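Right, one structure below, let's go through it.
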There are 2 protein chains.
Amino acid sequence: MAEQESTREKIKASAQEVFVERGYDGARMHEIAERAGANKAMIYYYFRSKDDLFESIIRETFREMFTSIGNLWTVPFTEPIEIIPAIVRVHLQFLYDHPHIPQMLGREMHSGNPIVARVIHQVFEEIGRENLSRFGQLFSNAVKLGKIRSVDPVQTIWNILGLNLFYFFTKPVIKTMWKTQCADEKKLLQIREQAIVDLLLYGLLPRQESKKSSTAQK
Amino acid sequence: MAEQESTREKIKASAQEVFVERGYDGARMHEIAERAGANKAMIYYYFRSKDDLFESIIRETFREMFTSIGNLWTVPFTEPIEIIPAIVRVHLQFLYDHPHIPQMLGREMHSGNPIVARVIHQVFEEIGRENLSRFGQLFSNAVKLGKIRSVDPVQTIWNILGLNLFYFFTKPVIKTMWKTQCADEKKLLQIREQAIVDLLLYGLLPRQESKKSSTAQK
DNA sequence: TTGGTTTAACTAACCGGTTAGTTAAATATA
DNA sequence: TATATTTAACTAACCGGTTAGTTAAACCAA
């Protein structure tokens with residue numbers, strides 16, 4: 001009983017590894033089996049086909065992603081100067097803890113694989129849509145109260161996600177271009193976090209306010 | 001003579017198409033040949049192997065990308081309120097005109113394919129490094145002159161690129177989530193451009209300045 | 001307890017089809 | 001003729017998926 005459970009889980013784990021590393025087309029069933037320490041036929045014993053296995057992996061990935069994004073908006077939207085840093089921090093930490101997600105998405109997003117398209121749609125309807133409208137509400141309220149400038153909530157979500165995801169989507173290029181700076185990734189991400197929050201709150205143009213922006217750096 | 005040139009070019013063109021659509025692993029040599037209206041053996045006549053063909057395609061893609069990013073900083077950095085909208089506009093227009101670039105990058109970036117890693121490094125040394133330090137100079141000057149707040153130039157590049165690239169990297173997901181809004185892509189990108197410029201210049205927090213920010217919307 | 005039966009988990013060998021890459025001959029061109 | 005293109009036919013390796021058969025534990029009747 002413990003053994004049968006573990007073989008299926010081992011296959012799922014190694015399948016995720018291989019699909020992340022090599023993509024759908026590059027993934028080989030015999031490599032998935034090898035890494036799981038199982039016979040190739042066992043994959044077909046637990047999953048019907050390569051497509052079936054891939055679908056279960058990618059569905060889990062999208063569930064993780066939408067859930068994490070949804071969790072960002074569960075905090076009450078009181079003071080933007082506190083909430084926005086919190087959102088950025090939670091999201092960056094999630095991406096750091098689950099590097100396979102941006103990697104998998106970046107790889108399979110443009111593949112045109114109908115499995116990917118279908119799963120995106122299903123999981124969004126299942127989890128994403130609700131979280132999204134919730135954020136729209138919270139954000140519009142903050143605008144009405146004058147806590148933030150009058151901006152489009154959808155575009156603002158895209159802005160936050162774009163700023164956060166950029167490093168993780170382009171990591172291989174970034175690491176080539178700024179080799180020395182990327183040596184200590186944990187520190188790099190701290191700097192990145194500060195820079196993102198600073199831009200989101202204050203923008204680039206100088207401010208004449210009494211409260212000096214504290215997180216600007218050089 | 002005209003014919004030999006054209007067959008080689010036809011192969012390169014169709015190879016780009018197929019590599020963009022299907023990725024390195026998904027691309028089939030016979031499909032590349034078919035689309036070029038040539039026999040499969042012609043590919044091996046002009047290019048030694050699949051790797052060789054792929055390398056020449058991806059090298060051209062990275063050259064286009066680095067050149068375009070380099071061109072963003074050639075404008076003299078005078079008034080940020082004029083320059084930053086110009087940078088964003090030129091970059092978004094380039095991405096719109098060359099959709100294969102973010103698509104190809106998104107697909108092959110995390111592949112670990114050693115060809116990709118080597119070409120990134122070579123093309124960056126060839127084109128990218130110089131453009132990069134040039135922007136650092138321009139930007140630091142603007143900070144010294146008090147035209148913009150004291151922010152890190154590298155992080156600011158990442159911010160601008162992240163904001164601009166997000167839509168193009170995540171287009172398939174975005175289109176699923178906001179179906180209706182994405183019907184007219186040209187208009188969507190205009191809204192996106194305004195939102196990016198607005199964030200870069202003014203941030204989210206309210207401003208007490210006399211000059212009201214004009215591009216805020218909704 | 002004993003010996004037979006069922007069942008889930010597993011394996012080695014195999015199959016049909018596909019793929020990157022080759023070759024040698026034919027054709028066009030100069 | 002000599003050289004540059006183009007082609008059909010081919011191969012060796014590979015890949016997703018199947019099959020026939022094994023193992024060992026659980027179950028069950030006498």
Side-chain angles (χ1 to χ4, degrees), chain A residues 1-59 104 107-108 111-116 118-119, chain B residues 1-59 104 107-108 111-116 118-119:
Chain A
M1 182 74 171
E3 200 48 46
Q4 55 181 277
E5 206 74 14
S6 112
T7 297
R8 196 179 197 280
E9 288 312 305
K10 274 181 195 166
I11 288 173
K12 278 189 82 170
S14 73
Q16 193 194 69
E17 268 184 43
V18 176
F19 280 129
V20 167
E21 280 176 37
R22 312 216 190 270
Y24 175 83
D25 288 313
R28 302 294 161 226
M29 299 301 271
H30 76 88
E31 188 179 0
I32 293 174
E34 249 169 45
R35 289 205 205 180
N39 189 282
K40 188 166 67 116
M42 286 312 293
I43 301 176
Y44 294 91
Y45 180 76
Y46 288 113
F47 303 89
R48 256 179 254 173
S49 62
K50 188 182 187 182
D51 280 9
D52 212 55
L53 179 60
F54 181 67
E55 183 174 329
S56 84
I57 298 294
I58 205 141
R59 168 166 281 117
M104 186 93 119
R107 201 197 265 282
E108 304 296 344
S111 67
N113 188 327
I115 297 172
V116 176
R118 193 178 67 247
V119 171
Chain B
M1 182 71 171
E3 201 47 46
Q4 57 180 277
E5 206 73 14
S6 113
T7 296
R8 197 178 196 281
E9 289 311 305
K10 274 181 194 164
I11 288 172
K12 279 189 80 170
S14 73
Q16 195 195 68
E17 270 183 41
V18 176
F19 280 129
V20 167
E21 282 176 34
R22 313 215 189 271
Y24 176 84
D25 288 311
R28 302 295 163 224
M29 299 301 271
H30 75 87
E31 187 178 2
I32 293 173
E34 249 170 45
R35 290 205 204 181
N39 188 280
K40 189 167 67 122
M42 289 309 296
I43 301 174
Y44 293 91
Y45 178 77
Y46 288 114
F47 304 88
R48 256 179 259 172
S49 63
K50 188 183 186 182
D51 281 8
D52 213 55
L53 178 61
F54 180 68
E55 181 174 331
S56 83
I57 299 294
I58 204 142
R59 168 165 280 119
M104 186 92 119
R107 204 198 264 281
E108 304 297 343
S111 68
N113 187 327
I115 298 173
V116 177
R118 195 178 66 247
V119 171

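Not measured: the values here are computed from a predicted model.
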Just the rounded figure in Å: distance from [atom2] of [N] to [atom1] of [X].
X	N	atom1	atom2	result
E31(B)	dT18(C)	CD	P	14 Å
I43(B)	dT19(C)	CD1	C1'	12 Å
L53(A)	dC15(D)	CG	C1'	15 Å
M29(A)	dT18(C)	CE	P	18 Å
I32(B)	dT19(C)	CD1	P	12 Å
D25(B)	dC14(D)	CG	C1'	13 Å
E34(A)	dA12(C)	CD	P	12 Å
K10(B)	dT6(D)	NZ	C1'	13 Å

Legend entry - 5'-most by nearest nucleotide on DNA chain D - A41(A) or Y24(A):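 So the residue in question is Y24(A).
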
Inset, instruction - Select base, sugar-phosphate, or nothing to describe what M42(A) touches, counting heavy atoms under 4.0 Å on all strands. - result: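 Since a base atom lies under 4.0 Å of M42(A), the category is base.
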
Inset, instruction - Tell me what A27(A) touches on the nucleic acid: a base, only sugar-phosphate, or nothing, going by heavy atoms under 4.0 Å. - result: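 Answer is sugar-phosphate: A27(A) comes under 4.0 Å of backbone atoms only.
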
Per [X] side chain, nearest of listed nucleotides [options]:
X	options	result
K50(A)	dG21(C), dT19(D), dG17(D)	dG17(D)
S49(B)	dT23(C), dG21(C), dT18(D)	dG21(C)
Y45(B)	dA4(D), dA12(C), dA8(C)	dA4(D)
T7(B)	dT6(D), dG17(D), dG21(C)	dT6(D)
Y44(B)	dG17(D), dA20(C), dA9(C)	dA20(C)

Between [X] and [N], is there a contact of a side-chain N or O with OP1 or OP2 at under 4.0 Å?
X	N	value
H30(B)	dT19(C)	yes
R28(A)	dG16(D)	yes
Y46(B)	dT6(D)	yes

Inset, instruction - Please report the closest heavy-atom contact between A33(B) and N39(B), naming both atoms and the distance. - result: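 That closest heavy-atom pairing would be CB-C, 3.8 Å.
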
Inset, instruction - Write down the atom of S56(B), the atom of K12(B), and the distance for their closest heavy-atom approach. - result: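 Residues S56(B) and K12(B), closest heavy atoms: OG-CE, 4.2 Å.
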
Legend entry - Base of dG21(C) paired with side chain of K40(B) (donor-acceptor, under 3.5 Å):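 For K40(B), whose side chain was compared with the base of dG21(C), there is a donor-acceptor pair (under 3.5 Å).
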
Inset, instruction - To the nearest 0.5 angstrom, please state how far the CD1 atom of I115(A) sits from the NZ atom of K50(A). - result: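 Reported value, rounded in 0.5 Å steps: 10.0 Å.
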
Inset, instruction - With salt bridge (Lys or Arg N to Asp or Glu O under 4.0 Å) as the test, would you mind laying out the steps for E31(B) and R22(B) before giving the verdict? - result: CA-CA 11 Å; E31(B) 187 178 2; R22(B) 313 215 189 271; 2.9 Å; yes

Inset, instruction - Answer yes or no: is there an ion pair linking E55(A) with R118(A), defined by an N-O contact shorter than 4.0 Å? - result: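 Yes, charged N to carboxylate O under 4.0 Å.
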
